[in-house]
*Asks:* 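Just dropping this structure here.
Here is how names work: the chains are called A, B, and so on, in the same order as the sequence lines, proteins then strands, and each is numbered from 1.
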There are 2 protein chains.
Amino acid sequence: MFFEGYDDARTQGMIGGGRFSAVYRLEAGDEQTARSMAEDICVEQTVEFPFSLLPPGAVPRELTGRVEAIEKIEKNEKEHGGRYLAVISFADEIASGEFTQFLNVIFGNISIKRGIQLAGIRPDRAIFEFLPGPRFGVSGIREIVGVPDRPLLFSALKPMGLSAADMARLAGQFAEGGIDIVKDDHGLTNQVFAPFEERVSRCVDAVRTANAKSGRRSIYVPNVTAPSGQVLERALRARELGAGGVLVTPGLVGLDTMRALAGPEIDLPVFAHPAFIGSYAVNPQGIAPHVLFGTLMRLAGADVSIFPNYGGRFPLSREECLATARAGREEPGPLRPIFPAPAGGMELANVEEIIRSYGGDLLVLIGGGLFRGGTDIVLNCRRFLSEVERGFSLLQAKTNGRRACPSSCRCP
Amino acid sequence: MFFEGYDDARTQGMIGGGRFSAVYRLEAGDEQTARSMAEDICVEQTVEFPFSLLPPGAVPRELTGRVEAIEKIEKNEKEHGGRYLAVISFADEIASGEFTQFLNVIFGNISIKRGIQLAGIRPDRAIFEFLPGPRFGVSGIREIVGVPDRPLLFSALKPMGLSAADMARLAGQFAEGGIDIVKDDHGLTNQVFAPFEERVSRCVDAVRTANAKSGRRSIYVPNVTAPSGQVLERALRARELGAGGVLVTPGLVGLDTMRALAGPEIDLPVFAHPAFIGSYAVNPQGIAPHVLFGTLMRLAGADVSIFPNYGGRFPLSREECLATARAGREEPGPLRPIFPAPAGGMELANVEEIIRSYGGDLLVLIGGGLFRGGTDIVLNCRRFLSEVERGFSLLQAKTNGRRACPSSCRCP
């Protein structure tokens, strides 16, 4: 006996019986191989120890992962190109109330393996206790900007190199033209050209001034992605200065830092940017796009998940993108639905199609594309707004069972 | 003109001329395609704006990335399976003195693309100013444990479910048997079975007691991977309690949190664990293994980089693993060399081969494998020690140009 003094009754007494699950897509030639891969995951992600040498009782029975189901995937099903789905459950106690450790259990060491894709996350009540999800979600953000139903207009301040005053001028023009949410480009942090504090202060003022003119309630969302320990600090400062939300890149600061950012201390909508984390989603081995940009961002407290849209300059398929939006509304469980913000090389010409695909609860993000229509930014934004209104009318007409207008129609 | 008031002389005046570079492996059929991919990266990672519409002067000329070289890769070269290598430089100012933004520039949005692998990082002086690398490195850790030349013995406390007292008993046996560095398994955080504070306190004591008996200077390295804001807190507490180093999983807490952990406030050797970050390294699109586990961990302040060894249960090749060890010694630039800790399913039988492959500056990590040789842990550790001493003697004999002993030899 290796573990002298080990008291199984003590360990057993600390286990409440609640379990969360993860779903994995396994590339395996047959069911036996799939089962053996699933059993490896059960050990690798928990006790990481030769199974036959474990102390008896609760450790192998409760603390090691448990294969709950294995199911063959039909070869031609598009969303899952692999062969088997395995559902594996884990005792709540091993997550220890920590999001970092929860992530470690569902995809830590197996991130280094091959042929495994995290294809679903199924938290139980114990997990939702420390992962309450977004504070605002779709309805909270709609309330803030005062737009009850249509898709929201979303754009980004750029390029890097402009002064804070130039950025603010641009922000004011965006807001005047009808952009509901003006965010920093995700590469703007604290560069000397437009330092954080000055940029936030000026942009907030410019958007306020534009709102006073337009009667709208547009918001400015600065990027608070920053070195360790400074993210919450910048967010607090942004809040003091009057920002309407915060942009963060969880791939750079860690998903758990986004969770903290989404808490009551900051109390602002959180916009998640997909930079640096994309490799999980575009490769065969990793995290399915809808789980990464949908389920996981929502679980980590994002109110808006920006992700690479199909048809632009990124490689996700239409099915993967729509599944991402769906996951952000529905998975996992009882959290607030979040806004999808499909992005990357979108133009005015894509607006109608985006709305038709995603529906009305959507942030339509056009960045550089807003500059292509002529040199009057305010006018370009107005065109963007009327495209969104037109696309939404078409959608509503369709939803209401009426004949959709032809694409040449300009009816309100 | 879009950017009313934009003052090119002001922006130009803020740019010092220093640039850092990154190397990318591009999957491209011909040089023209490779060049066009490289030019896309220059824009995508910086201004993210239609190039032709940028304000004139410094923004397109200095702040946009610059293709410095494009080179065809020979088809059969093993370390680089792709077709072209592109070197791209970026102005120091866009990194803004922030590791998070530096990472965003070298691999932010392009992490979502396809056919791009980060294959090298070349910081310049401005980057090393905020990324001073490890405080201890190989020589610092050797000094702490009092072992001047041979490979160090490294093992992990597990399985989860044991009490803190059981873990401590195990730690004491490890140290008594000759393990130089006893770490927590990376899945031990603050679970109810062996809470952080109690575990650290007891394990430190047990290793001290064993040291007093053995005359060695073994250390205990607890896992401080924790939710946002608690990592440094746990590390400080570990330090107060007498821990000899800290284990962290940068994939879970963010690379920049590891950088902060490696700073003067904690002043303990940092051991980086590869969980959750592996998908970057095992896929065609991502970060080359030697860059991720070698260059980047060193740049982020790790004194030891634990990574999946070839021949165990993970998929990296021998070439990739040896390149990782080399990168940790040599890349990038003037930082302290760090210890490679190849791991994952290693057994006593692999020790000689590991030492022959990696050389003497190595942490030999055997975890579960230490339990396979019989029920006397102390004895198993002693066998491990003599295997390491034997492997190192063989290596020295070979290095000194003498005939290496046959593998059956047991000479000291």
*Asks:* With chain B, which of V47(A), L261(A), T64(A), N109(A) has the greatest number of heavy-atom pairs at distances under 4.5 Å?
*Replies:* N109(A)
*Asks:* Heavy-atom distances under 4.5 Å only: say whether T46(B) touches chain A with side chain, backbone, both or neither.
*Replies:* backbone
*Asks:* Do N190(B) and E98(A) get their side chains close enough for a donor-acceptor pair, meaning under 3.5 Å?
*Replies:* no
*Asks:* Which region of A281(A), side chain (C-beta onward) or backbone (N, CA, C, O), has a non-hydrogen atom less than 4.5 Å from a non-hydrogen atom of chain B, or is it both or neither?
*Replies:* neither
*Asks:* For chain B, which candidate among I112(A), L316(A), T225(A), L170(A) shows the most heavy-atom pairs at distances under 4.5 Å?
*Replies:* I112(A)
*Asks:* So for Q173(A), is it side chain, backbone, both, or neither that comes closer than 4.5 Å to the heavy atoms of chain B?
*Replies:* side chain
*Asks:* Please rank R313(A), R169(A), R372(A) by heavy-atom pairs under 4.5 Å with chain B and give me the top one.
*Replies:* R313(A)
*Asks:* Compare every heavy atom of F3(B) with every heavy atom of L53(B), then report the nearest pair and how far apart it is.
*Replies:* O-CE1, 3.8 Å
*Asks:* Which bit of V59(B) comes within less than 4.5 Å of chain A, counting heavy atoms only: side chain, backbone, both or neither?
*Replies:* side chain
*Asks:* Less than 3.5 Å apart, any donor N or O on the side chain of S163(A) or D166(A) sitting next to an acceptor on the other?
*Replies:* yes
*Asks:* Would you mind telling me which of I287(B), D376(B), I116(B), V253(B) has the largest number of heavy-atom pairs within less than 4.5 Å of chain A?
*Replies:* V253(B)
*Asks:* So L63(A) and T11(A), do their side chains get closer than 4.5 Å, heavy atoms only?
*Replies:* yes
*Asks:* Given heavy-atom pairs under 4.5 angstrom as the criterion, report whether the side chain, backbone, both or neither of L103(B) touches chain A.
*Replies:* both
*Asks:* Heavy-atom pairs under 4.5 Å with chain B are the metric here; pick the option from A275(A), G254(A), S279(A) that has the most.
*Replies:* S279(A)
*Asks:* Is it the side chain or the backbone of R10(B) that comes within 4.5 Å of chain A heavy atoms, both, or neither?
*Replies:* side chain
*Asks:* So which heavy atom on V231(B) is nearest to which on A226(B), and how close?
*Replies:* CG2-O, 3.5 Å
*Asks:* Taking the side chain as every heavy atom from C-beta outward, state whether Q12(B) and R61(B) have any atom pair closer than 4.5 Å.
*Replies:* yes
*Asks:* Say whether Q101(B) and T189(A), considering side chains only, have a donor N or O and an acceptor N or O under 3.5 Å apart.
*Replies:* no
*Asks:* Using non-hydrogen atoms and a 4.5 Å limit, figure out which bit of A58(B) sits close to chain A: side chain, backbone, both or neither.
*Replies:* neither
*Asks:* In terms of heavy-atom proximity below 4.5 Å to chain A, should L54(B) be classed as side chain, backbone, both, or neither?
*Replies:* side chain
*Asks:* Given a strict heavy-atom distance threshold of 4.5 Å, which part of I106(B) is in contact with chain A: side chain, backbone, both, or neither?
*Replies:* neither
*Asks:* Go through the atoms of P227(B) and report whether side chain, backbone, both or neither lie under 4.5 Å from a heavy atom of chain A.
*Replies:* both
*Asks:* With a 4.5 angstrom heavy-atom cut-off, could you sort out which part of P250(B) is near chain A: side chain, backbone, both or neither?
*Replies:* neither
*Asks:* Taking the side chain as every heavy atom from C-beta outward, state whether F174(A) and L370(A) have any pair of such atoms under 4.5 Å apart.
*Replies:* yes
*Asks:* Sort out for me which of T249(A), D8(A), L188(A), I277(A) touches chain B most, counting heavy-atom pairs under 4.5 Å.
*Replies:* I277(A)
*Asks:* Compute the centroid of each ring, for Y280(A) and then for F276(B), and state whether the two points are separated by less than 6.0 Å.
*Replies:* yes
*Asks:* Hey, is the main chain of N223(B) close enough, under 3.5 Å, to the side chain of D184(B) for a donor-acceptor pair?
*Replies:* yes
*Asks:* Using non-hydrogen atoms and a 4.5 Å limit, figure out which bit of H186(B) sits close to chain A: side chain, backbone, both or neither.
*Replies:* both
